[in-house]
Amino acid sequence: MIDIKFIRNNVEQVREAIRNKNEKADIVALLAIDETRRKLQFEFDNLKSRQNNVSQTIARKKKAGEDAATELKDMSTVAEEIKQISAALSASNTELEALLLTIPNIPQPEVPVGRDESANTVERIWGKPPVFTFEPKDHLEIANNNHYLDLPRGAKISGSGFPIYTGQGARLERALISFMLEFHLQKHDYEELMVPLMVNRKTMTGTGQLPKLEEDMYHVNEDDLFLIPTAEVPVTNFYADEVLSYKDIPKCFVSYTPCFRREAGSYGKDTKGLQRLHQFNKVEMVRFVEPEKSAEALEEMLCNAEAILQAFGLHYRVLNLCTGDTSFASQRTYDLEVWAPGSQKYLEVSSVSNFGEFQTRRANIRYKDSSGKVRHLHTLNGSGLATPRLMIALLETYQQADGSFKAPDVLKPWLEINLKERQL
RNA sequence: GGAGAGUUGCCGGAGCGGUUGAACGGGACGGUCUCGAAAACCGUUGUAUCCUUACGGGUACCCAGGGUUCGAAUCCCUGACUCUCCGCCA
């Protein structure tokens with residue numbers, strides 16, 4: 001969330017950010033409530049101060065055996081007033097808080113202004129589209145040829161968008177997850193976390209999914225818990241309500257989780273095969289860094305994500321997202337799009353974002369810097385990567401003329417583990 | 001699911017309803033001493049918010065939210081979490 005003091009002093013800038021992000025938020029109402037709140041706070045403090053003073057006088061008089069009837073009578077009316085103002089005050093605080101949660105993060109100046117994805121710019125391109133001596137098939141055909149997927153049965157058991165990976169397909173999926181995790185652990189020095197897949201309302205609010213995206217999440221009514229749409233949520237909230245030491249910073253976590261998304265409102269869009277799912281696997285990177293270091297950390301994380309695609313030898317491009325395409329909580333986002341030759345299009349496999357102190361304000365995550373000052377950290381996260389579209393690109397890129405699939409060499413160790421030979 | 005115990009500052013740990021933002025101990029930091037270090041001694045050691053250009057001052061916070069009271073860390077209620085025992089189960 002944005003600091004109320006910042007909003008007070010930079011109204012136009014905040015308005016512009018809301019506009020550029022295609023959001024709606026009532027700044028006028030917000031400022032009015034802020035004004036009322038401060039007035040009430042002032043009255044409350046003054047009354048309390050008086051009450052504290054007189055209460056001590058009463059104590060002294062009673063101790064000395066003197067009569068304190070006047071003070072007692074006086075204070076009972078003050079107590080009543082305090083009660084009323086206190087109620088009004090907490091009502092305004094709640095209201096202000098609710099409004100503040102609807103203000104999006106402010107995009108950084110270098111983010112291109114634009115309404116939708118058409119205003120995104122291409123940052124760079126890696127590799128080239130593969131050339132085939134035959135007509136390349138799309139991933140679903142290859143998957144079906146090789147018995148890698150059983151989508152009809154997934155639909156039967158749960159509904160569309162809940163895939164079943166079968167046989168070598170399941171093994172390939174698991175290999176991707178293991179490969180990416182180990183890659184980040186060993187080459188990029190992240191620490192692994194295994195986290196809960198269901199989180200409470202406060203946690204969802206901390207990273208910014210709530211209140212805006214409630215409709216997009218699976219919710220378990222009975223316990224008021226949400227299935228996570230990304231590991232970002234539990235991992236970023238790892239330090240909620242804590243004050244870290246500057247010595248602990250930076251913190252870099254990587255976490256594999258399934259992700260659950262209702263995808264409300266996107267029915268009929270990119271539905272073929274693994275393109276858009278309600279449940280999918282993702283390896284996520286999250287960093288907690290000092291404010292001065294976050295811009296640099298964003299570039300590093302982008303490289304961390306790219307390194308995976310490079311290891312697989314997949315052609316991709318990096319997009320610099322425009323204001324309208326940057327998420328509610330993000331200040332700046334890069335998307336990684338991998339080339340799927342069978343479908344002849346680029347598919348988003350990663351989103352790498354800098355959130356500044358937006359999430360750490362919401363989740364109350366701070367650190368004490370070397371001079372002893374308590375400040376909000378900056379958070380970043382990036383997919384590294386989401387598997388379904390990665391699998392699409394792999395299947396389509398490494399398909400053979402006979403309809404089979406030949407995994408890139410780096411994956412071989414994960415696909416060829418043979419316990420029988422090791423006599424376990 | 002049932003029965004009990006607990007939750008206080010960076011940590012340990014006191015705390016009768018009225019100078020308790022909180023004793024005492026430890027840690028950390030600064031200083032004295034020392035060639036240096038240890039020890040010893042002295043001092044410092046929270047966050048948020050409001051008023052003020054500033055100096056400074058007020059208020060809130062002893063798990064969370066309510067209640068009783070002129071006044072609550074202290075009494076009452078509800079909830080969360082932790083621990084122990086029983087039951088059930090992976």
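All chains are named by letter (A, B, ...) in the order of the sequence lines, taking the proteins before the strands, and each is independently numbered beginning at 1. Bear in mind the structure is a predicted one, so any value in this text is a computation, not a measurement.
When the C1' atom is compared between B/C24 and B/G9, the two are found 14 Å apart, to the nearest whole Å. To the nearest whole angstrom, the two P atoms, one in B/G87 and one in B/C77, are 30 Å apart. For the C1' atoms, the distance from B/G18 to B/G13 is 24 Å, rounded to whole Å.
Atom CG of A/Leu96 is separated from atom C1' of B/A48 by 15 Å (rounded to the nearest Å). In this structure, A/Asp241 atom CG and B/G9 atom C1' are separated by 17 Å, rounded to whole Å.
No engagement by A/Arg50 is indicated, since no non-hydrogen atom pair under 4.0 Å with the nucleic acid exists. Residue A/Asp74 is out of contact with every strand shown, counting any heavy-atom pair closer than 4.0 Å. Nucleic acid contact class of A/Lys62 (heavy atoms, under 4.0 Å, all strands): base.
Checked against B/U59, B/C51, B/G18, the side chain of A/Asp45 finds its nearest nucleotide in B/U59. Of the candidates B/G18, B/U49, B/U47, B/U49 carries the atom nearest the A/Arg37 side chain, counting heavy atoms from C-beta on. If you check B/C70, B/U59, B/C50 against the side chain of A/Ser49, the one that comes closest is B/U59. Among B/U47, B/U59, B/C70, the nucleotide with an atom closest to any side-chain atom of A/Val374 is B/U47. Ranking B/U59, B/C50, B/G71 by closeness to the A/Asn52 side chain, first place goes to B/U59. Set against B/A48, B/U49, B/A60, the side chain of A/Arg366 has B/A48 as its closest nucleotide.
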Would you tabulate the nitrogen or oxygen pairs shorter than 3.5 Å linking the protein to nucleotides 15-17 of chain B?
none

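Comparing A/Ala79 and A/Arg38, the nucleotide of RNA chain B nearest to each residue sits closer to the 5' end for A/Arg38. The 5' end of RNA chain B is approached more closely, in terms of each residue's nearest nucleotide, by A/Arg60 than by the other of A/Arg60 and A/Lys83.
Side-chain contact check for A/Glu284 and A/Tyr256: no donor-acceptor pair (N or O, by modelled atom type) lies under 3.5 Å. Residues A/Ser294 and A/His378 have side chains that bring a donor and an acceptor to within less than 3.5 angstrom of each other.
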Mind listing the side-chain donor-acceptor pairs of residues 161-168 of chain A below 3.5 Å, one per line with the distance, residues two or more places apart or on another chain?
{"unit_1": "A/Thr166", "atom_1": "OG1", "unit_2": "A/His147", "atom_2": "O", "d": "3.0"}
{"unit_1": "A/Thr166", "atom_1": "OG1", "unit_2": "A/Tyr148", "atom_2": "O", "d": "3.4"}
{"unit_1": "A/Thr166", "atom_1": "OG1", "unit_2": "A/Leu149", "atom_2": "N", "d": "3.3"}
{"unit_1": "A/Gln168", "atom_1": "OE1", "unit_2": "A/Arg171", "atom_2": "NH1", "d": "3.3"}

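Using a 4.0 Å cut-off, no side-chain N or O of A/Gln56 falls inside it from OP1 or OP2 of B/G18.
Residue A/Glu71 holds its CD atom at 12.0 Å from OG of A/Ser76, rounded to the nearest 0.5 Å.
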